[in-house]
Amino acid sequence: MSISIVHVLDLESGNLRSLSNALTKLGYEVKWIKKPSDGLDEAEILLFPGVGNFGHFVNELWSRGFVEPLRAYIASGRRIMGICVGLQALFAGSTESPGVKGIGIIPAELQKFDDSTKSVPHIGWNSASVTNTEDEGLYSLCAESKYYYVHSYRADIEVPVREGWTVAVGNYNGEEFVGAMCKDNVFATQFHPEKSGVAGLRVLRAFLRGNRISKAQPLHGGILKKNLGLTNRLIACLDVRTNDDGDLVVTKGDQYDVREKSATASAGGKVRNLGKPVEVAERYYLQGADEVTFLNITSFRNCPLVDMPMLEILRKTSETVFVPLTIGGGIRDLIDPDGTKISALDVASVYFRSGADKVSIGSDAVIAAEKFYERGQVLTGETAMETISRSYGAQAVVVSVDPKRVYVSSPEATKHHVIRTSYPGPNGEEYAWYQCTIKGGRELRDLDVRQLVTAVEKMGAGEILLNCIDKDGTNSGFDLELINDVKSAVKIPVIASSGAGKPEHFLEVFEKTNTDAALGAGMFHRNEYKVADVKNYLSEHGLLVRNEPE
Ligand code: 1PR
């Protein structure tokens, strides 16, 4: 008789809603296990997902008394699948958390990716290609497919192979790592199958059905080598706010002004309405977007947690969209109308439980960075970025930057970090600095973008969403000078944003900068181009993209 119930270990870390949505979509009922007595004995299939810090996750396993029962479960021969830190926890340890012991069925330690030549964390769509077996496949893993990874530490393939595991390998700029591995009843993926579109759902389904040998794997990596590795990541962004009729809509600004241009109204016309957020997100998923980002752009107005309109959007979106979802706007300490204080960590936790994989912090990050410098660059451990990244991992914390260009005649004319620009200012100025803003560009601050990004990297941000108010909505291409400048200042991945108007702009930003991802909004919302048009264009020009028909 086929199994219809899946038990899932729930250590309350990260986004488990998407996994549960994926299982529901595949026709399975989910039972959660928070402690060993919650039904581990009767489980026939166990999923073991984990995100964030190795030590934090594994210490939870020890303190909840899971380690011995899990070892016994594995020894019993019943099926178990580790996901992300769930894979890592099967190892003896990780250099991320010296001295913390993993479950230890593989006698090796995880190592950090080398960040001297590439961004770390490794975020994005990469391969998992089976190379050390004569099997025809492994749970429908396909060398041509791409899977969504997000991690800073990697498992080397040598020890698992020596210990008899079948290993599917990923390659991040020359460093190989275990993308997935399998031995007897134990299967584990470093990538998130529930966030890897149809390719990921296929793997999950094959595991749940027990179809270990499948025909989906084209034979042996080698022939497809040119397709292996991290793809150029393409993100669709939805700015969301309530319009004048009180409906929550996707909107889009010109240099952050989201009102229709009106000949009569000097204060501007209506808020542009470009569709319903859940429907628009689903459309971009089906078109092949690698991620979807929602920004609640009026969240600086008081937004009590109970009323958070974005929660429902996230919940609904995560039922049908199986790629990473980021939510931004209003991630900060809040006070509800009844006076209850809600920490930024609590706000983020609610978002994660509603289906978000990452939260994006804008205004609060600028304020935190200013204080960081006022204190002489001392960390307090209490900022939103620090508390959230401690609990959920740096990969879950994006900092969204809203800079404006300020032209100066010489570097001495400002105390801020300047660039020499090829696009001189109105009075022929050859230098510019990028000024940070808060509240969606409404307030200018005495902080430059370089100060901001270097501070937030120290405070635990895992990625930078780099907008540019001057370029936003202009369809004139990305600000390459800004992107190159930020890329040279940080190790964490950078998402180029603002100004995309046609596929050529994406090619340009990937070719002329080292950006880790590129984001578009208006050109997709206005139906001028589909996400797939951009991907096809990039692919025609020899760039690696994820191209999986949904
Ligand atoms: O400050 O933490 O509450 O977060 C507020 C968030 O809302 C920030 O991430 C901020 O960037 C965003 N935001 C606030 N006001 C606006 C606005 O447009 N009036 N939107 C706004 C920012 C910019 C991009 C846009 C790209 C691409 N949106 O995300 O999608 O510029 O556009 P394009 O391809 O059409 O040029 P907090």
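Note that ligands are numbered from 1 as they come in the structure, with each ligand's atoms numbered from 1 the same way. All values reported here derive from a predicted model rather than from experimental measurement.
- Taking a cut-off of under 4.0 Å to the non-hydrogen atoms of G440, the atoms of ligand 1 that pass are 14 (C), 15 (N).
- Comparing heavy-atom distances from atom 7 (O) of ligand 1 across I297, V240, T251 singles out I297 as nearest.
- Judged purely by atom type and a 3.5 angstrom limit, H192 has no side-chain atom pairing as donor or acceptor with the backbone of E194.
- For ligand 1, the polar-atom distance check finds no N/O of R332 at less than 3.5 Å from any of the ligand's N/O atoms.
- For a threshold of 3.5 Å applied to N or O pairs, the pair formed by K471 and ligand 1 contains no separation below that value.
- When only interatomic distances are considered, the shortest N/O to N/O separation between V258 and ligand 1 does not fall below 3.5 Å.
- Counting the atoms of ligand 1 from 1 in the order shown, those under 4.0 Å from a heavy atom of S400 are 8 (C), 9 (O), 11 (O).
- Close contacts of ligand 1 with L295, meaning ligand atoms under 4.0 Å from a residue heavy atom, involve 9 (O), 29 (O).
- Relative orientation of the Y284 and H525 rings is parallel, given thresholds of 30° and 60° on the angle between their planes.
- Remark: distances from the non-hydrogen atoms of G328 to ligand 1 are all 4.0 Å or more.
- Taking each of D364, N475, D402 in turn, the one with a heavy atom nearest to atom 11 (O) of ligand 1 proves to be D402.
- Checked by distance only, ligand 1 and R442 stay at 3.5 Å or farther apart across all their nitrogen or oxygen atoms.
- Looking at S497, its side chain never comes within 3.5 Å of a backbone N or O of N467 through a donor-acceptor pair.
- Judged by the 6.0 Å and 45° rule, K404 forms no cation-pi pair with Y434.
- Of all the atoms in ligand 1, the ones that sit under 4.0 Å from a non-hydrogen atom of S497 are 24 (C), 26 (C), 27 (C), 31 (O).
- The aromatic ring centroids of Y537 and F506 lie 6.0 Å or more from each other.
- Atoms of ligand 1 lying under 4.0 Å from any heavy atom of G329, numbered from 1 in the order shown and given with element: 3 (O), 4 (O), 5 (C), 37 (P).
- Counting only N and O atoms by type, the side chains of K195 and S18 include a donor and acceptor under 3.5 Å apart.
- Close N/O approach between D257 and ligand 1 is not found [any backbone or side-chain N/O within under 3.5 Å].
- Checked against a 3.5 angstrom limit, the closest N/O atoms of S363 and ligand 1 fall inside it.
- For ligand 1, the atoms lying closer than 4.0 Å to a non-hydrogen atom of G522 are 33 (P), 34 (O), 35 (O).
- The proximity of H525 to ligand 1, defined as any non-hydrogen pair under 4.0 Å, does not occur for either the backbone or the side chain.
- Atoms of ligand 1 lying under 4.0 Å from at least one heavy atom of G473, given by number and element, are 33 (P), 36 (O).
- Here the side chain of Q435 pairs a donor or acceptor atom with the backbone of R445 at under 3.5 angstrom.
- With respect to W433, the side-chain contact (heavy atoms from CB on, under 4.5 Å) criterion is satisfied by exactly one of T414, D485, V449: T414.
- Residues Y172 and F113 place their aromatic rings such that the two centres sit under 6.0 Å apart.
- In terms of polar-atom proximity, defined here as any N/O pair under 3.5 Å, D472 does make such a contact with ligand 1.
- Among G441, G330, S498, G520, the residue whose heavy atom lies nearest to atom 3 (O) of ligand 1 is G330.
- Aromatic ring centres of F191 and Y149: separated by under 6.0 Å.
- Between M523 and ligand 1, not a single N/O pair is under 3.5 Å apart.
- Assignment of C237 to the shell around ligand 1 is supported, since a heavy atom sits closer than 4.0 Å.
- Put simply, the side chain of D364 never gets that close to the backbone of R332: no donor and acceptor are under 3.5 Å apart.
- Side-chain contact check for Y285 versus F322: some heavy-atom pair is nearer than 4.5 Å.
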